Protein chains: 2
Amino acid sequence: MDWRSVGFDWNRARAFLVTAEEGSLSAAARALGMTQPTLGRQVSALEEELGVALFEREGTRLALTPAGREMVEHVRAMGEAAANVALTASGQSQSLEGNLCITASEFFSARILAELMVGFRARHPGIQIEIVAANDVRDLRRREADIAIRNTQPTQPDLIARKLGDSTGGFYAAKSLLDRRGRPRDAAEMLALGMIGFCDNAQMVAGLNRMGYPAQDGDFVALSNSHLVQWDMVRAGLGVGVFPCLQADAAPDVERVLPEADPMRFPVWLVAHREVKSNRRVRLAFDYLAEHFPIG
Amino acid sequence: MDWRSVGFDWNRARAFLVTAEEGSLSAAARALGMTQPTLGRQVSALEEELGVALFEREGTRLALTPAGREMVEHVRAMGEAAANVALTASGQSQSLEGNLCITASEFFSARILAELMVGFRARHPGIQIEIVAANDVRDLRRREADIAIRNTQPTQPDLIARKLGDSTGGFYAAKSLLDRRGRPRDAAEMLALGMIGFCDNAQMVAGLNRMGYPAQDGDFVALSNSHLVQWDMVRAGLGVGVFPCLQADAAPDVERVLPEADPMRFPVWLVAHREVKSNRRVRLAFDYLAEHFPIG
DNA sequence: TAATCGCTATGCGTATCTGCATGGATTGGC
DNA sequence: GCCAATCCATGCAGATACGCATAGCGATTA
């Protein structure tokens, strides 16, 4: 086999890839944890090594040349393969020392994972835990996390999932608000108190409508992308929000609205990538979460 | 996008790939033009970086661990992508300075290309020419060559081919041999003179049989993997060989055997990879060869 | 059994690369 | 129109990696 064709500096290819994807040397340097001069020199060296002008230096900005656009396609394939390498590698690692990344919604991260991880750390002190609180779904294939807690059953075949149960949710408002404005007896009265939702609350409105609540966009008095901020809004008496019963019932200054209504149910899934599941640290955490995760 | 997963040292992945494929650090170092200690340290560093033992040091030899076997699959994908990067890069290079690699059979390389390239060099002095004389088919996709001259029409869709014509071939023997043993009047007499063929002459025997010559393995008195060596064998009077008419007819001390027989015809194709064809140097050489390549 | 060959591991001097600090240039906002 | 922010290019000191030389180990051979 002839290896001359792959004899160029692969790290320079990586520098080019990230620079092209991020749009600037500085951004790429931040993403890779390197400095901008280093990346700039690597990209320049790659251009010289391959004899191809990849970027057009127009003033202060870099723009891909046509050749660069062509090249980035292939380098991207290299990056995909590299991600698979890293994925498999982390799956092969059987060490109990190392880090572990778990992602969950903000609320679960703060109110459940934070406490659960205390017990896990006590059992496995060598494992450094990173919790990515994100309401959007993180890509386990790119190893943006090792373990995810999600509310939908994953469909990709290379993900391993275990259903932890159904979490119940309900409407909650501050006691002070209810004392002042009265406790609603039906959906219409609740909506009149003002709702608190997500920034893109079309999804939430649709969900409420599906459950029979005639919510409209105008019923929402405040929005936030953060569930925790929503929680503090509710506690401040700003309106009515939707929260998991298990956590919200424990708050003394907050009270369930329409307590006789059927609680919402949403499934809770524990998800890991198949490759990564073979990692000993991940397996331990996966089993620990499956055993101790509180569902209510 | 999260780039942490591709943040490992890609050059170390390359070192691992070549080491695994070549079977030893020393062989990999030779293939990559590096030294064995460097590659050894890179592989060790990769193992530490990924937290995976890739090789088992059993005495003096390296053996892939199960984890390493799993890993090499993914790293190989990286290598494939890297080869595409190099391929595209060389296609994007429009410089008239640089090298150019042409492959052809030994005979074509020596008797045709060598002379043709004199004229090409005169026109384009900046282009350094490398001729890979190889009777086996070189992989243009891996860029083992930029241009190939072959005797079959390529089937892969990403190759660009132009038929230069049909080259004729015939049986040749040394005048001295024919003077001494007499000039054959039919195939049987020719075979009795002794044939000269390739090391794996099963293919050649089959070809002769297809053309109606009752050749057998025992008719061959000498074999060589090199067509040029065969030529010198024929000139030395060792036996009868098959050669292109255009070149063999020009040799004063060699004479055609069974001159009235139909000459063999085999097509001559000029082939380049589509990506590489856009390279200016390749395009120039491709067109030059298409124009000047002698067919007889 | 001694010898040779091929492979890997390690020390050391040097060359290369990286990061830091800085300068120049452009864009966007007030 | 000026100021601030952002980005890329460059000089310089230190860290890193490389190649060379060598030693150790195992297998094959005479």
Side-chain angles (χ1 to χ4, degrees), chain A residues 1 3-4 6-65 67-69 71-72 75 82, chain B residues 1 3-4 6-65 67-69 71-72 75 82:
Chain A
M1 171 120 190
W3 295 103
R4 274 182 303 174
V6 296
F8 64 94
D9 192 312
W10 286 15
N11 282 335
R12 293 172 179 169
R14 182 189 58 181
F16 167 59
L17 169 63
V18 181
T19 302
E21 299 282 17
E22 292 290 322
S24 78
L25 291 172
S26 304
R30 283 192 294 270
L32 282 174
M34 305 169 69
T35 62
Q36 166 262 319
T38 296
L39 249 67
R41 283 188 274 247
Q42 285 190 350
V43 171
S44 298
L46 182 68
E47 288 180 309
E48 186 161 354
E49 190 172 18
L50 299 180
V52 178
L54 300 170
F55 288 111
E56 196 118 30
R57 270 79 173 173
E58 46 184 30
T60 173
R61 190 143 301 182
L62 297 184
L64 279 171
T65 62
R69 259 190 298 280
M71 290 289 296
V72 80
V75 180
Chain B
M1 171 118 191
W3 295 103
R4 273 181 304 175
V6 295
F8 65 94
D9 191 313
W10 286 15
N11 282 335
R12 293 172 178 169
R14 182 189 58 180
F16 167 59
L17 169 64
V18 181
T19 303
E21 299 281 19
E22 292 290 320
S24 79
L25 291 173
S26 304
R30 282 191 294 270
L32 283 174
M34 304 167 68
T35 61
Q36 166 263 321
T38 297
L39 248 69
R41 284 188 273 249
Q42 285 189 352
V43 171
S44 297
L46 182 67
E47 289 181 309
E48 186 161 353
E49 190 172 19
L50 298 180
V52 179
L54 299 169
F55 288 110
E56 197 119 28
R57 271 78 172 174
E58 45 185 32
T60 173
R61 191 143 299 182
L62 297 183
L64 278 171
T65 62
R69 259 190 298 281
M71 291 289 296
V72 79
V75 180

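Everything numeric here is computed off the predicted structure, so don't read it as measured data. Sequence lines set the chain letters: A, B, ... in the order given, protein chains first and strands last, and positions in each chain run from 1.
For the pair Leu32(B) CG and dC18(D) P, the interatomic distance rounds to 12 Å; values are reported in whole Å. Remark: C1' of dC7(D) and CD of Glu56(A) are 17 Å apart, rounded to the nearest angstrom. Atom CG of Leu25(A) and atom P of dT18(C) are 13 Å apart (whole Å). In this structure, the CG atom of Asp9(B) is 14 Å from the P atom of dT16(D), given to the nearest Å. The distance from atom CE of Met34(A) to atom C1' of dG19(C) is 10 Å, rounded to the nearest whole Å. Atom-to-atom, CG of Leu39(B) to P of dG19(D) comes out at 9 Å; the value is rounded to the nearest Å. For the pair Gln36(A) CD and dT10(D) C1', the computed distance is 10 Å after rounding to whole Å. The CG atom of Leu62(B) sits 13 Å away from the C1' atom of dG26(D) (whole-angstrom rounding).
Of the inter-residue distances, the one linking Gln36(A) atom CD with Arg41(A) atom CZ reads 8.5 Å to the nearest 0.5 angstrom. Considering CH2 of Trp10(A) and CG of Leu17(A), their distance stands at 13.5 Å, rounded to 0.5 Å.
When the nucleotides dA9(D), dC12(C), dT18(C) are ranked by their closest atom to the side chain of Arg41(B), dC12(C) comes out on top. Comparing dC12(C), dC7(D), dC20(C) by their nearest atom to the side chain of Thr35(A) picks out dC20(C). With dT8(C), dT18(C), dT10(D) as the choices, the nucleotide that has an atom nearest any side-chain atom of Ser24(B) turns out to be dT8(C).
Between the Arg14(A) side chain and the Phe8(B) main chain, a donor and an acceptor come within less than 3.5 Å of each other. The backbone N or O of Leu54(A) lies less than 3.5 Å from a partner atom in the side chain of Thr65(A), making a donor-acceptor pair.
Residues Leu46(A) and Asp9(A) are not in side-chain contact: their nearest non-hydrogen atoms beyond the backbone lie 4.5 Å or more apart.
Between the side chains of Glu22(A) and Trp3(B), at least one donor N or O sits under 3.5 Å from an acceptor N or O.
A heavy atom lying under 4.0 Å from DNA chain D marks the following residues of residues 10-23 of chain B, by number: Arg12(B). Taking a 4.0 Å limit (strictly below) on heavy-atom distances, residues 42-54 of chain A reaches DNA chain C at Gln42(A).
A pairwise comparison of heavy atoms in Leu39(A) and Met34(A) identifies CD1-SD, 3.6 Å as the closest pair. Of all heavy-atom pairs between Gly7(A) and Glu49(A), the closest is O-OE2, 4.4 Å. Between Ala13(B) and Val75(B), the closest heavy-atom pair is O-CG1, 3.4 Å.
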Inset, instruction - Evaluate side-chain contact (heavy atoms from CB on, under 4.5 Å) for Ser44(B) paired with Glu48(B), printing each intermediate quantity in order. - result: CA-CA 6 Å; Ser44(B) 297; Glu48(B) 186 161 353; over 6 Å; no
Inset, instruction - Show your working on side-chain contact (heavy atoms from CB on, under 4.5 Å) between Leu50(A) and Met71(A) and close with a plain yes or no. - result: CA-CA 11 Å; Leu50(A) 299 180; Met71(A) 290 289 296; 3.7 Å; yes
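Among the candidates Leu32(B), Leu25(B), Val72(B), the single residue satisfying the side chain to side chain contact (heavy atoms under 4.5 Å, CB included) test with Thr19(B) is Leu25(B).
Taking five base pairs at each end of the helix from dT1(C)-dA30(D) to dC30(C)-dG1(D) and finding the rotation axis that steps the C1' atoms of four pairs onto the next four gives two axes whose angle is 30°, to the nearest 10°.
Within the 4.0 angstrom heavy-atom criterion, only backbone atoms of the sugar-phosphate kind lie near Ser26(A); the bases stay farther away.
Both Arg30(B) and Pro37(B) sit near DNA chain C, but only Arg30(B) has its closest nucleotide nearer the 5' end.
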